[in-house]
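Okay, so here's the structure we're looking at.
Just so it is clear, the values below take in all heavy atoms, side chains as well, and ignore hydrogens, waters and symmetry mates. Indexing begins at 1, ligand by ligand and atom by atom, following the structure's order.
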Amino acid sequence: MRMILFSSRQYDVDTFTEAKPAYDFDVHFQESHLDAETAILARGYEIVCPFVNDSVDAAVLQALHAGGTKLIALRSAGFNHVDLAEASKLGIPVVRVPAYSPYAVAEHAVGLILALNRRLPRAVARTREGDFSLHGLLGFDLHGKTVGVIGTGTIGRVFGRIMAGFGMHVLAYDPGTPAEDLLALGARYVPLDTLLGESDVVSLHCPLLPATYHLIDGRALEKMKFGAMLINTGRGGLVESNALVGALKSGQLGHLGLDVYEEEGGLFFEDHSNLPLLDDVLARLLMFPNVIVTAHQAFFTREAMNEIADTTLGNVKAWIEGKPRNVVQGAKSG
Ligand code: NAI
């Protein structure tokens, strides 16, 4: 069996190479993104391993199928970039890494909150310039404030627990079953509008689905507390980017931390520092002193990378042995 990893970077090569001796199939690393043009590169590989900004739409799946692909092994938790209906139609199962390190993502969300609140990027730039003044760096105590967690699955629960440890009141919104550990810490499940209206910090940890697309739009931003903080480490499409600039200009949105961005495809994970930034909304967002953007790095810890490599290769092995695991619902082969 042969496997091809699209959008491979050196850190993928390192972690998959380290994990591979436990598995006896060939792994080929391909730097290109997967899309309709590059799908041809997968010809002859039974297993295709895309990353989050690769396109796994119907056209790509058909091209992969024609080239002999039999399994899509995602090396991510999110699967919003895959046309599951088409994969199912073609009989190509899709497996994923449902949980690697929820701590990595939750801790990054906390990092964004602290950096925004205490203006750390600005403070660091200032002291490097020999400016030791404090004006403009005033923060607030997180202790005693309210944090709203949207989506209390694996990551949202870890995040909620950490914020409870800061002494914050935790509000949660999730259409699924409430998390016992959060309830035990005093979290309250409330309707979305209540969460938006009462939270000083709102953090997104739900998947991107048709129902959650633009969950935070202009209307939702208006419902938030004046000057509140919004953190998105979920998926870019959860937030209507165009509505952010106006909310930041008016002060309605006090702080914004993004690890994911609606139009991040083709931009994030790449070095564009010698090129003009063509995305006007992102360019404007980056100009606000109360905005921090990181390039989809929340997952990026050593532990998470090792777990991703090990689970992905383990998923492939299980499928080869006829005992598929971590199959994305809706993409089961017939
Ligand atoms: P999970 O599947 O364990 O939890 C998701 C939760 O969201 C579930 O409890 C579900 O009931 C809830 N949910 C579904 N629809 C909702 C809605 N309309 N409103 C509120 N909650 C809703 O997923 P996990 O592992 O916690 O990951 C969450 C998301 O984080 C992933 O879907 C992925 O998009 C994102 N992620 C981002 C990473 C990054 O590097 N920035 C890395 C890993 C995941």
Under 4.0 Å between heavy atoms, the region of Asp259 that gets near ligand 1 turns out to be side chain
### Task
Could you say whether the N/O atoms of Phe299 and ligand 1 ever approach to under 3.5 Å?
yes
**Request:** Output yes when a side-chain donor or acceptor of His169 lies under 3.5 Å from a complementary backbone atom of His143, and no otherwise.
**Result:** no
shortest atom 15 (N) of ligand 1-to-protein heavy-atom contact is with Pro175 CG, 3.9 Å
The closest protein heavy-atom partner of atom 31 (C) of ligand 1 is Pro207 CA, 4.4 Å
Nearest non-hydrogen contact to atom 33 (C) of ligand 1 from the set Arg235, His205, Arg157, Arg96 belongs to Arg235
Side-chain donor-acceptor contact under 3.5 Å, Thr194 with Tyr173
no
heavy-atom search around atom 11 (O) of ligand 1 in the protein gives Asp174 OD1, 2.7 Å
Residues at least two apart in sequence or cross-chain that pass side-chain contact (heavy atoms from CB on, under 4.5 Å) with Ala228, listed by chain then number, are Met224, Lys225
When distances are taken from atom 26 (O) of ligand 1, the protein heavy atom at minimum range is Ile155 N, 2.8 Å
Residue, atom and distance of the protein heavy atom nearest atom 18 (N) of ligand 1 read Thr212 CG2, 3.2 Å
If you scan protein heavy atoms around atom 43 (C) of ligand 1, the nearest is Tyr100 OH, 2.9 Å
When Val245, Leu244, Asn290 are each screened for side chain to side chain contact (heavy atoms under 4.5 Å, CB included) with Leu253, the one that passes is Leu244
Near His296 (heavy-atom distance under 4.0 Å), the atoms of ligand 1 are 39 (C), 40 (O), 41 (N)
Near Gly151 (heavy-atom distance under 4.0 Å), the atoms of ligand 1 are 7 (O), 20 (C), 21 (N)
If you scan protein heavy atoms around atom 35 (C) of ligand 1, the nearest is Gly234 O, 3.5 Å
heavy-atom search around atom 38 (C) of ligand 1 in the protein gives Thr233 O, 3.8 Å
Practice task
Please check if the distance between the ring centroids of His205 and Phe159 is under 6.0 Å.
Solution key: yes
Per-pair distances, 0.1 Å, donor-acceptor, side chain in residues 309-317, under 3.5 Å, sequence neighbours excluded:
{"from": "Asp310", "atom 1": "OD1", "to": "Tyr23", "atom 2": "OH", "distance (Å)": "3.1"}
{"from": "Thr311", "atom 1": "OG1", "to": "Glu307", "atom 2": "O", "distance (Å)": "2.9"}
{"from": "Thr311", "atom 1": "OG1", "to": "Glu307", "atom 2": "OE2", "distance (Å)": "3.2"}
{"from": "Thr312", "atom 1": "OG1", "to": "Ile308", "atom 2": "O", "distance (Å)": "2.6"}
{"from": "Asn315", "atom 1": "OD1", "to": "Arg325", "atom 2": "NE", "distance (Å)": "2.8"}
{"from": "Asn315", "atom 1": "OD1", "to": "Arg325", "atom 2": "NH2", "distance (Å)": "3.4"}
{"from": "Asn315", "atom 1": "OD1", "to": "Asn326", "atom 2": "ND2", "distance (Å)": "2.8"}
{"from": "Asn315", "atom 1": "ND2", "to": "Arg96", "atom 2": "O", "distance (Å)": "2.8"}
{"from": "Asn315", "atom 1": "ND2", "to": "Thr311", "atom 2": "O", "distance (Å)": "3.4"}
{"from": "Lys317", "atom 1": "NZ", "to": "Glu321", "atom 2": "OE2", "distance (Å)": "3.3"}

Close side-chain approach of Arg235 and His81, heavy atoms under 4.5 Å
no
Check contact between Leu208 and ligand 1, using heavy atoms of the residue and a distance below 4.0 angstrom. no
